[in-house]
Amino acid sequence: MTETTTFSVALHNETATAQLMADLALLVGPGDVITLTGDLGAGKTAAARSLIRYLADDQALEVPSPTFTLVQGYELPPFPVLHADLYRVEDESELEEIGLSPFPDATLVLIEWPERAPSAMPADRIDIALTHRPALGSNARAADITGHGKGAAQVARLKALREFLDASGYIDATRRRMNGDASTRSYARLLRGDEVVILMNFPQRPDGAALYSGKSYSAAVHLAENVRPFVAIDEGLRAQGISAPAIHHSDLDHGFLITEDFGSEGVIEGDPPRPIAERYEAATDVLAMLHGRALPETLPLDGQTYEIPLFDIEALLIEIGLMPEWYLPDRNAPLSDEKRAEFVAMWRELLKTPLAAPKTWIIRDYHSPNLIWLAGRSGIERVGVIDFQDTVLGPQSYDVVSLLQDARIDVPESLELTLLSRYIKARRAQDTSFDAAGFAELYAIMSAQRNTRLLGTFARLNRRDGKPHYLRHQPRIWTYLQRSLAHPALTRLRDWYLANVPPPQGPSQEPSQPASQA
């Protein structure tokens with residue numbers, strides 16, 4: 001028997017409907033099906049329109065009833081949406097003609113009048129039954145929301161989200177969609193009078209296939225599996241004087257937070273985007289300050305403690321293993337078992353140096369998409385840091401590489417070297433024994449590690465997750481990789497890559513040649 005979950009919401013007006021549908025939009029995605037039932041005039045199209053406008057972040061978007069067209073499609077920023085009305089469907093075989101048999105995998109589907117084709121409805125779906133409630137007002141409705149199959153957990157989560165918003169005083173706030181990232185997290189801005197805060201939806205990360213010594217990829221490389229690491233690291237960074245967002249309300253069990261909104265002023269400008277030197281200098285200073293301190297390896301969390309994971313050799317090797325797993329097959333250059341063993345052995349030896357170096361907090365995704373410029377603050381507090389839940393303990397060079405070899409924008413080599421010198425100068429000012437040459441070697445090694453991993457990560461995001469736009473970053477990653485391979489400590493690795501790793505495809509790709517000649 002299919003699992004179901006139901007709860008009811010009183011909708012006193014269209015604003016309440018828009019708020020409910022925005023909350024639902026935060027929790028659903030491509031491949032999900034939402035059915036809307038109710039009599040004529042019950043508000044099915046109005047509910048669908050609210051959800052579509054929220055996803056479009058356009059409250060004026062024209063969303064007509066599909067009564068006559070049967071299906072209306074929308075290419076929206078997060079994913080495509082199909083809005084269907086089956087009122088005029090006389091036979092379920094007609095669904096194939098309108099693109100609903102089978103249901104599209106990469107699209108969110110909204111269906112009015114699903115009772116016209118009941119046996120065609122998927123077992124996994126969310127149904128919203130709307131009825132008039134004149135006693136509550138002329139435009140009032142009641143929404144009975146039922147999740148079937150996989151939708152049962154989504155509806156239970158929607159109920160928990162609504163209770164969280166109610167308890168924190170934001171149930172009546174206006175919702176505005178925010179762009180997400182490559183993760184399963186989603187975000188919305190909540191507007192209440194002159195106040196603006198951010199709602200974070202951080203669901204428990206689903207367990208992937210146990211491909212790495214009985215662990216999923218995320219567990220093996222120590223990616224956060226729920227919201228708790230975010231909260232612990234957030235408070236840890238703030239205690240060090242770094243601008244991480246204040247957390248106003250939290251539901252750690254369900255993974256909901258309401259946090260300070262840093263706005264959207266970044267550290268880059270122009271088209272194509274380029275670094276703003278002053279802001280990159282401040283971001284570099286943040287790292288130099290942090291790395292000069294003795295940092296705790298455990299942090300308080302909800303009356304207990306959170307132990308920051310160690311970025312160990314196996315995690316580092318699994319990360320770079322994404323290149324032979326995903327990138328090289330895409331380039332028609334799969335490795336033989338012998339070559340793969342050579343690859344792992346080389347890296348295992350090379351990583352001994354950074355693993356023996358002093359450890360610090362590695363924020364891990366310390367680069368332009370996750371840095372907000374706070375002009376009203378001073379010094380290093382001008383750099384707002386918003387993505388740090390995957391923090392691990394590891395070599396100090398890692399985050400310096402993340403910033404100065406930004407995976408998503410071109411950092412000119414001249415600026416990279418200027419900022420690297422700035423970092424080293426700041427560290428030497430803190431500690432005259434700081435080894436600049438040793439750090440340069442660590443920087444090169446972790447650059448090669450990170451950029452090797454990113455070539456594989458972006459190939460995987462394209463092939464496995466259907467996100468081809470990440471491929472446009474591969475030529476840039478290749479350029480950074482060539483820079484790091486020029487270091488004398490990486491001569492053997494450079495020669496091996498030259499023989500076995502072709503450059504990415506793309507109009508901006510560079511020829512496959514030794515970094516010393518690039």
Side-chain angles (χ1 to χ4, degrees), residues 221-224 228-247 280-316 351-367 370-371 374 377-404 419-447 449-450:
V221 302
H222 312 302
L223 300 181
R228 292 174 184 272
F230 182 96
V231 174
I233 300 298
D234 181 279
E235 295 300 328
L237 291 171
R238 287 168 58 81
Q240 297 296 329
I242 293 175
S243 292
I247 297 173
Y280 266 65
E281 289 170 358
T284 302
D285 293 344
V286 170
L287 295 179
M289 179 278 295
L290 191 65
H291 297 167
R293 294 184 176 178
L295 300 173
E297 297 184 2
T298 60
L299 294 167
L301 174 63
D302 195 28
Q304 301 177 4
T305 57
Y306 172 72
E307 185 174 343
I308 301 174
L310 177 66
F311 210 14
D312 52 42
I313 182 69
E314 295 309 320
L316 289 161
L351 289 170
K352 288 180 180 178
T353 302
L355 287 170
K359 303 211 170 15
T360 190
W361 295 353
I362 298 178
I363 296 173
R364 219 162 178 178
D365 283 319
Y366 190 83
H367 54 184
N370 300 324
L371 301 176
L374 306 173
R377 303 186 186 185
S378 60
I380 62 169
E381 292 183 358
R382 294 174 297 172
V383 181
V385 186
I386 60 171
D387 187 311
F388 39 74
Q389 64 283 334
D390 297 326
T391 293
V392 288
L393 298 172
Q396 298 167 348
S397 58
Y398 189 94
D399 281 343
V400 186
V401 172
S402 298
L403 177 67
L404 305 191
L419 294 171
L420 183 57
S421 297
R422 181 184 183 92
Y423 173 89
I424 291 172
K425 183 178 179 181
R427 294 299 310 280
R428 288 182 67 89
Q430 297 167 337
D431 177 4
T432 56
S433 66
F434 180 76
D435 182 1
F439 184 82
E441 180 179 341
L442 291 173
Y443 182 91
I445 294 171
M446 295 318 297
S447 165
Q449 190 275 344
R450 178 173 170 80

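All figures in this text were calculated on a predicted structure; none of them were measured in a lab. Along the sequence shown, residues are numbered consecutively beginning with 1.
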Closest contact, heavy atoms only, S243 versus R377:
OG-NH1, 3.0 Å

Looking at D365, is its backbone amide N or carbonyl O close enough to the side chain of N370 to form a donor-acceptor pair, meaning the two atoms are under 3.5 Å apart?
yes

Are any non-hydrogen side-chain atoms of L351 and P354 less than 4.5 angstrom apart?
yes

Indicate whether the side chain of Y398 and that of R364 have a donor and an acceptor atom separated by less than 3.5 Å.
no

Counting N and O atoms only, with roles assigned by atom type, does the side chain of S397 sit under 3.5 Å from a partner on the main chain of L442, one being a donor and the other an acceptor?
yes

Could you pull out all residues at least two apart from R382 that satisfy side-chain hydrogen bond (donor to acceptor under 3.5 Å, both in side chains)?
E278

Carefully, step by step, assess I445 and T353 under the rule side chain to side chain contact (heavy atoms under 4.5 Å, CB included).
CA-CA 9 Å; I445 294 171; T353 302; 4.1 Å; yes

Minimal heavy-atom distance between A244 and D234, with the atoms involved, is CB-OD2, 3.6 Å

Report yes if the side chains of I424 and R428 come closer than 4.5 Å at any heavy-atom pair, otherwise no.
yes

Using a 4.5 Å cut-off on heavy atoms from C-beta on, say whether the side chain of F311 contacts that of L393.
no

Smallest separation among heavy atoms of P245 and V385, with atom names:
CD-O, 3.3 Å

Close side-chain approach of L310 and E297, heavy atoms under 4.5 Å:
no

How many angstroms lie between atom CG of L403 and atom CG of L371, to the nearest 0.5 angstrom?
6.5 Å

Step by step, would you call M446 with V400 a side chain to side chain contact (heavy atoms under 4.5 Å, CB included)?
CA-CA 9 Å; M446 295 318 297; V400 186; over 6 Å; no

Distance-minimising heavy-atom pair for L404 and L420:
CD1-N, 3.6 Å

Not counting sequence neighbours, which residues clear ring pair (Phe, Tyr, Trp, His ring centres under 6.0 Å) with Y280? List them please.
none

Starting at CG of L299, measure out to CD1 of I233 and round the result to the nearest 0.5 Å.
5.0 Å

For the CD1 atom of I386 and the CZ atom of F230, what is their distance to the nearest 0.5 Å?
8.5 Å

Does any part of the side chain of V221, heavy atoms only, come nearer than 4.5 Å to the side chain of V392, both counted from C-beta?
no

If you compare all heavy atoms of Q240 against all heavy atoms of P296, which two are closest, and at what distance to 0.1 Å?
NE2-CD, 4.4 Å

Would you compute the distance between atom CG of D435 and atom CD of E441 and round it to the nearest 0.5 angstrom?
9.0 Å

Write down the atom of G241, the atom of I380, and the distance for their closest heavy-atom approach.
O-CD1, 4.2 Å

To the nearest 0.5 Å, atom CG of L287 lies from atom CD1 of I363 at 6.5 Å

Just verifying a value: how many Å separate H291 NE2 and D431 CG, rounded to the nearest 0.5 Å?
14.5 Å

Once side chain to side chain donor-acceptor pair (under 3.5 Å) is applied, what residue pairs with a partner in residues 305-314 remain, sequence neighbours excluded?
H222-D312, E314-R348

Describe, in one word, how the ring planes of Y423 and F434 are oriented to each other, choosing from parallel (under 30°), tilted (30 to 60°) and perpendicular (over 60°).
perpendicular

Sequence-distant partners of E381, side-chain hydrogen bond (donor to acceptor under 3.5 Å, both in side chains), two or more places apart
none

Quick one, V401 and Q449 - any side-chain contact, counting heavy atoms below 4.5 Å?
no

Sorted by chain and residue number, the side-chain hydrogen bond (donor to acceptor under 3.5 Å, both in side chains) partners of D285 (sequence neighbours excluded) come out as R422

Are side-chain heavy atoms of L316 and L355 found at a separation under 4.5 Å?
yes

Measuring only between side-chain heavy atoms, which start at C-beta, is E235 closer than 4.5 Å to P300?
no

Sequence-distant partners of A429, side-chain contact (heavy atoms from CB on, under 4.5 Å), two or more places apart:
none

